[in-house]
Amino acid sequence: MIKKITFIVIALLVAQMSFSQRKTRADRFFEKGDYINAAKYYEEEIKKERHKKAIENIAVCYYNTFEYRLASRYLKLLVKGRYGEKDKTYDNHYNFKLYQVLSALGDYETGLDYFKLYKENISDTLDKSESIEIIEAFKLKNPDYKIKKAQFNSEASDFGAVKFNDSVYFTSDRDNKGFLKKKYKWTHQSFLDIYAVKVDGDNDTLGAIKPLTKTINSKLHEGNFCFTNDGNTLYISRSNYTDGKKEFNEQSTNNIHLYKTTRVDGKWNELEKLEFNKNGFSYQHPALSPDGKKLYFSSDMEGGYGNFDLYYVRIEVDGTTGDPVNLGETINTANREHFPFISQEGDLFFASNGHLGLGMLDIFVSEQIKDEFTTPVNLGAPINSRYDDFNLNYHNVEEGFFSSNRKKNNDEIFKFKQTGEIFLREYINRFEVRDAETKEYIPNTIVVLKDKKGVEKYTNTLDSLAFFNINLLPDNYEFSGNNEAYLPNTLKVKVLEDQDQRHVLYLKKLPPPPPVDPVEVIIAEKKIDKKLKEDDPKRFELLTDVEGPPVIEKDGKLFFQLEPIYFNFDMWNIRSDSKIILDELAAKLERYPNIHLKISSHTDSRGTVRYNQILSERRAESTRNYLALEVYINARRMKFQGFGELEPIVPCPMLDCTDEEHQLNRRSEFEIIEY
């Protein structure tokens with residue numbers, strides 16, 4: 001939640017061209033940053049008459065208090081000109097806000113239309129189709145992390161967890177000041193303080209949660225912080241103050257500045273403001289480089305690329321700091337970049353709503369190569385969601401914390417364990433072509449390796465040692481082989497992260513000419529209908545064969561009648577109960593080598609139409625791959641097609657279906673298209 005993360009007490013001034021000669025009650029609450037009460041009174045005003053400024057302000061109120069559905073309602077009224085004034089123009093940043101709230105609501109395809117418009121208005125471009133493909137790749141990729149909610153969360157906002165020794169320190173607006181506590185107007189909750197709790201080896205709570213000393217915590221906001229390696233210096237984001245009193249800029253805003261304190265004999269000294277802070281700008285979210293020589297932070301100081309950029313300053317031997325250095329346009333965008341963290345390897349993790357992501361703030365990582373940060377990589381799910389995800393940091397090589405408001409409006413702390421490689425590397429992959437029966441190499445085989453877009457990565461006629469090695473990035477590929485003495489075959493290949501792999505394509509020899517068909521004898525013995533025998537003997541044979549899965553006729557088409565091939569929600573792997581059914585089908589297909597199948601896969605209606613289409617195609621492909629790779633049915637005999645959610649068995653308007661009904665809709669069908 002950006003309001004609690006950045007601590008910016010925004011005092012927005014109502015424009016001079018106000019629709020009223022005097023400020024309304026809603027305006028006064030709005031100027032004070034009390035968006036909850038402002039929205040309440042703007043609702044009353046808008047019921048009577050729609051004015052442009054009221055529509056703008058109430059949209060901002062709901063955006064800032066994370067009521068995204070209500071924010072989208074009023075942002076749409078604004079961009080569509082549904083108000084009384086003749087002037088239908090509006091500021092471009094509302095296009096960006098609408099993109100964000102629609103993405104948070106799950107409608108990222110429509111949201112991208114407004115992101116594209118926003119980009120075009122600042123002389124930039126956006127390829128919507130490519131953006132959709134990238135976002136859905138974030139959602140479908142194999143996760144690199146396992147996450148779990150931390151035990152020390154409360155009903156208030158908790159974020160910014162940092163582990164040092166046997167304790168976790170974090171920021172929270174939980175109530176610890178009793179009856180006389182002062183409320184923060186924006187949230188109607190307490191001001192932010194820093195807390196500590198002792199934890200065990202799994203980072204679960206061991207002792208009581210306690211606020212830090214009053215030397216650090218005050219009546220004002222204390223927020224994101226970082227320790228030096230020895231734990232004796234603490235850098236803190238804090239409300240700008242002088243002699244214990246808030247210091248305001250010319251716009252009556254109390255900015256956030258960076259402070260530090262040192263610990264002597266177990267006690268923290270008074271906080272000292274870092275010398276590069278300037279009144280009128282905010283400096284927040286401190287993070288130290290592993291060697292302690294650079295302090296990274298987020299700031300809206302002048303000269304940046306957007307609203308908030310990431311910077312660093314050098315820390316001299318005597319503890320003084322140099323001038324801020326902007327991290328540049330590879331990292332920073334025209335919008336917000338926050339919460340830097342530098343790993344032991346020197347890689348930069350940060351949160352941004354300017355780089356393409358899943359919703360509001362997403363967490364990105366930029367690899368440091370030769371003192372330069374590379375193009376940021378979105379960490380994907382489960383670290384990122386449609387909501388605000390931020391403040392990721394590691395406390396060892398593979399474990400750490402991050403924060404998110406995905407479960408509720410207030411922020412929560414999650415702990416994570418990294419299980420995969422977050423940066424793409426090339427791995428050695430060995431490809432072989434072998435006889436399906438003898439397992440020997442098949443020489444003189446023409447092979448082709450293609451990536452998922454059909455681009456050839458390798459093609460050759462292999463010699464007596466029918467294999468080759470190639471370095472590949474983790475992704476999906478297709479490996480095919482063709483030899484005049486064998487049936488051609490294709491292998492779907494998934495190159496995995498963090499390992500070298502071997503892939504074997506098995507080819508079956510061409511079958512000998514079929515013997516004389518004894519069907520006439522069988523027809524005579526069984527007194528089969530003569531008309532069907534003359535019209536289509538093979539069809540009759542299939543329909544009367546009682547061995548293995550029966551063949552049925554529906555609407556003039558032939559289908560194998562199988563037990564349902566079900567899939568778990570949001571998955572495409574073959575379940576163990578379905579493998580038995582597919583093995584029985586394979587046995588019958590072996591006896592009918594001329595049968596060609598069309599495998600049709602269907603999903604339930606949860607998810608977007610495009611996402612469900614991709615998922616159904618993967619399910620159909622997964623079914624075909626099992627028959628081809630696990631039980632060696634020639635892939636050329638099988639076509640597959642995904643129908644997404646378009647042909648449900650049980651219609652589910654407004655997703656009003658039970659889990660069992662959704663399960664019925666997740667199915668595969670097997671049509672005989674040639675025999």
Side-chain angles (χ1 to χ4, degrees), residues 5-8 160 162 171 194 216 221-242 247 249 255-263 268-333 336-352 364-368 370-374 376 390-393:
I5 301 159
T6 60
F7 322 128
I8 302 172
V162 174
T171 302
I194 301 174
I216 294 175
H221 279 309
E222 285 75 38
N224 284 85
F225 54 89
C226 65
F227 291 95
T228 53
N229 291 334
D230 61 9
N232 289 325
T233 301
L234 186 63
Y235 292 90
I236 304 176
S237 302
R238 191 180 193 188
S239 297
N240 182 22
Y241 74 98
T242 299
E247 188 171 343
N249 62 17
N255 296 115
I256 303 303
H257 281 186
L258 291 175
Y259 295 75
K260 79 171 182 178
T261 179
T262 55
R263 181 160 45 190
W268 292 106
N269 292 324
E270 292 295 324
L271 292 171
E272 301 175 14
K273 187 186 297 187
L274 299 183
E275 52 266 35
F276 58 82
N277 290 282
K278 292 182 179 179
N279 197 24
F281 305 104
S282 283
Y283 305 80
Q284 55 201 24
H285 312 153
L288 284 166
S289 60
D291 61 8
K293 294 181 179 180
K294 289 182 180 179
L295 180 69
Y296 292 81
F297 58 92
S298 175
S299 176
D300 62 350
M301 71 177 75
E302 59 186 353
Y305 291 90
N307 196 324
F308 272 82
D309 283 4
L310 298 185
Y311 295 81
Y312 74 86
V313 292
R314 295 190 181 277
I315 300 177
E316 306 300 337
V317 176
D318 62 359
T320 59
T321 58
D323 294 328
V325 178
N326 191 293
L327 293 192
E329 59 184 347
T330 300
I331 301 299
N332 293 313
T333 68
R336 289 178 177 265
E337 278 67 50
H338 291 303
F339 306 101
F341 171 76
I342 307 297
S343 69
Q344 288 298 315
E345 293 75 26
D347 300 324
L348 169 67
F349 292 80
F350 66 99
S352 172
F364 296 81
V365 60
S366 177
E367 188 174 17
Q368 188 177 50
K370 296 181 180 179
D371 295 327
E372 295 289 336
F373 290 119
T374 60
F390 57 95
N391 225 149
L392 181 143
N393 66 82

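Atom set for the values below is all heavy atoms of this structure, side chains included, hydrogens, waters and symmetry mates excluded. Everything numeric in this text was worked out from a predicted model, so none of it was measured.
When side chains are defined from C-beta on, N391 does not count as touching T171, because their heavy atoms never get closer than 4.5 Å. For the pair T262 and N232, the minimum side-chain heavy-atom distance is 4.5 Å or more. Considering only heavy atoms from C-beta on, T321 comes within 4.5 Å of E275 through its side chain. Inter-residue side-chain proximity for Y235 and T228 is flagged as met; some heavy-atom pair is nearer than 4.5 Å.
A distance of 5.0 Å separates CZ of F225 from CD1 of I194, quoted to the nearest 0.5 Å. For the atom pair OH (Y312) and NZ (K294), the distance works out to 4.0 Å, reported to the nearest 0.5 Å. To the nearest 0.5 angstrom, S237 atom OG is 7.0 Å from I256 atom CD1. Atom OG1 of T374 is separated from atom CD of Q368 by 9.5 Å, given to the nearest 0.5 angstrom. Here the straight-line distance linking atom OG1 of T261 with atom CG of L234 works out to 7.0 Å at 0.5 Å rounding. Rounded to the nearest 0.5 Å, atoms CG (N279) and NZ (K273) are 7.0 Å apart.
In terms of heavy-atom proximity, V313 sits nearest to G322 at CG1-O, 3.6 Å. Closest heavy-atom contact between N332 and L327: ND2-N, 3.8 Å. The nearest pair of heavy atoms linking L258 to H285 is CD2-N, 4.3 Å. Smallest separation of non-hydrogen atoms from I331 and P376: CD1-CG, 4.1 Å. Closest approach of P340 and L348 over heavy atoms only: CB-CD1, 3.9 Å. The two residues D291 and K293 make their nearest non-hydrogen contact at OD1-N, 2.9 Å.
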Derivation of the side chain to side chain donor-acceptor pair (under 3.5 Å) call for E337 and S298: CA-CA 7 Å; E337 278 67 50; S298 175; over 6 Å; no
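K260 and E272 are not joined by a salt bridge, as no carboxylate oxygen comes within less than 4.0 angstrom of a charged side-chain nitrogen.
In this structure, F297 and Y283 have tilted ring planes: the angle between them lies in the 30° to 60° band. Taking the six-membered ring where the residue is Trp, Y296 and F373 present perpendicular rings, their angle passing 60° and hence far from 30°.
Residues that satisfy the side chain to side chain contact (heavy atoms under 4.5 Å, CB included) test with E345, not counting sequence neighbours, are S343, D347.
N229 places a side-chain N or O within donor-acceptor distance of the main-chain N or O of P290, the cut-off being under 3.5 Å. The backbone N or O of H221 sits less than 3.5 Å from a side-chain atom of S239, completing a donor-acceptor pair.
Remark: of the listed residues D300, N255, N240, N255 is the sole one forming a side-chain hydrogen bond (donor to acceptor under 3.5 Å, both in side chains) with S282.
Taking a 6.0 Å sphere around CG of D323, one finds it holds 12 or fewer heavy atoms contributed by other residues, nucleotides or ligands. The number of heavy atoms from other shown groups lying within 6.0 Å of CD (E329) does not exceed 12. In this structure, E302 places its CD atom where only 12 or fewer heavy-atom neighbours from other residues, nucleotides or ligands lie under 6.0 Å away.
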Would you mind writing out the side-chain donor-acceptor pairs for residues 303-310 within the sub-3.5 Å range, not counting sequence neighbours?
{"from": "D309", "atom 1": "OD1", "to": "G306", "atom 2": "N", "distance (Å)": "3.3"}
{"from": "D309", "atom 1": "OD2", "to": "Y305", "atom 2": "N", "distance (Å)": "2.5"}
{"from": "D309", "atom 1": "OD2", "to": "N326", "atom 2": "ND2", "distance (Å)": "3.0"}

